[in-house]
Amino acid sequence: MRSIGVIGTTALFLFMGFTASANTRQEKQEEKDKPAKQEQQAKPEKQQQAKRQQEQQHKQQQQQAKSQQDQQRQQQRRQQDDSAKQQQQDKSAKQEQQQQDKSAKQEQQQQAKGQQDQQRQQQHQRQNDRSAQQRSPEQVHTQQVAWQGDRAHSWQSEHRTWQQRGGYNGYRVPDDRFRVSYGQDHGFRIYSLPVIYVGGHRRFQYGGYWFGLIDPWPEYWSNDWYDRDDVYVDYYGDGYYLYNRRYPGDRIAISFYLN
């Protein structure tokens, strides 16, 4: 029995020694394999980190490329805007120059026409001056009698402005034609104008249009003012009026007619 106990004890110690030895070898092997295992465990993390760096670099490259494209588009847009702006400026300058040339040409034509009209009026005036000198006393008297019928007894109370008459309702001379033949710079004498009678009222032709006196003429004007006084037609505030240079404060309402 003692032998069996010794043998069992010996076997137990041997087993324990073998187990301890095996554990020691296992620990050594694990200690030996630990760096490789750690390196194996760290490898996916490095790969992920490298992947993240690549993705970040790619993203930065994309952002830089996009920024460059945006800058190029903005530059192209600015160039297009500048080009369109320059074209518009050139077009406006050309149109303005054309308008100036057109206005200058029209002004020259109007001036030429005005000079021609003035020359014709002066010629007509000279002819009528000679005709007036050749009129007999009877003709002069007949004309004075005819004009006396339109003379006022109290002009200040008898005449009315176009505003008082409710506004001008006759023919309106186009502005360009009016400037050529009418206004303070275009004087004439009544007796030199062609005259017709419509409904018992005289109408005079001047500047291509007919006009008639609506107001009576002031009683203090000279008896032959239509022969001796320079008059002109102008537009004042609310309608057309006849002015006498000898009596600049008076204006007689007149109306224009096409015929």
Is the cationic atom of R172 (NZ for Lys, CZ for Arg) positioned less than 6.0 Å from the six-membered ring centroid of F256 and within 45 degrees of its normal?
no
Kindly determine whether D82 and R78 satisfy salt bridge (Lys or Arg N to Asp or Glu O under 4.0 Å), including the steps that lead there.
CA-CA 6 Å; D82 292 342; R78 284 195 298 267; over 6 Å; no
Where R245 and P248 come nearest, the two heavy atoms and their spacing:
O-CD, 3.6 Å
Might you point out which heavy atoms bring R251 and Y236 nearest each other, and give the distance in Å?
NH2-CE2, 3.2 Å
What's the shortest heavy-atom distance between G207 and R177, and which atoms?
O-NH2, 3.7 Å
Rounded at 0.5 Å granularity, tell me how far CD in Q184 sits from OH in Y232.
4.0 Å
OH (Y241) and CD1 (I252) are apart, to the nearest 0.5 Å, by 11.5 Å
Only one of K51, Q57, K59 passes side chain to side chain contact (heavy atoms under 4.5 Å, CB included) with E55, and that residue is K51
So is R151 actually on top of W221's ring, under 6.0 Å and inside 45° of the axis?
no
Taking all heavy atoms of I214 and all of W162, pick out the closest pair and write down the distance.
CG1-CZ2, 4.0 Å
Quick one: sort the Y235 and Y240 rings into parallel, tilted or perpendicular, breaks at 30° and 60°.
perpendicular
Evaluate the side-chain hydrogen bond (donor to acceptor under 3.5 Å, both in side chains) criterion for residues Q97 and D101: first the C-alpha distance (whole Å), next the side-chain angles of each, then the deciding distance (0.1 Å), finally the verdict.
CA-CA 6 Å; Q97 185 63 42; D101 294 342; 3.0 Å; yes
Give the ring-plane orientation class for Y182 versus Y209, where under 30° counts as parallel, over 60° as perpendicular and anything between as tilted.
tilted
Backbone N/O of P216 and side chain of D150: donor-acceptor pair under 3.5 Å:
no
State whether Y226 and R189 meet the cation-pi test: NZ (Lys) or CZ (Arg) under 6.0 Å from the six-membered ring centroid, and within 45° of the perpendicular axis.
no
Over 60° means perpendicular and under 30° means parallel, so tell me whether H159 and W155 are parallel, tilted or perpendicular.
parallel
How far does CD of Q80 sit from OG of S83, to the nearest 0.5 angstrom?
8.0 Å
Decide yes or no on side-chain hydrogen bond (donor to acceptor under 3.5 Å, both in side chains) for H58 and Q54, but give the supporting numbers first.
CA-CA 6 Å; H58 182 66; Q54 290 178 353; over 6 Å; no
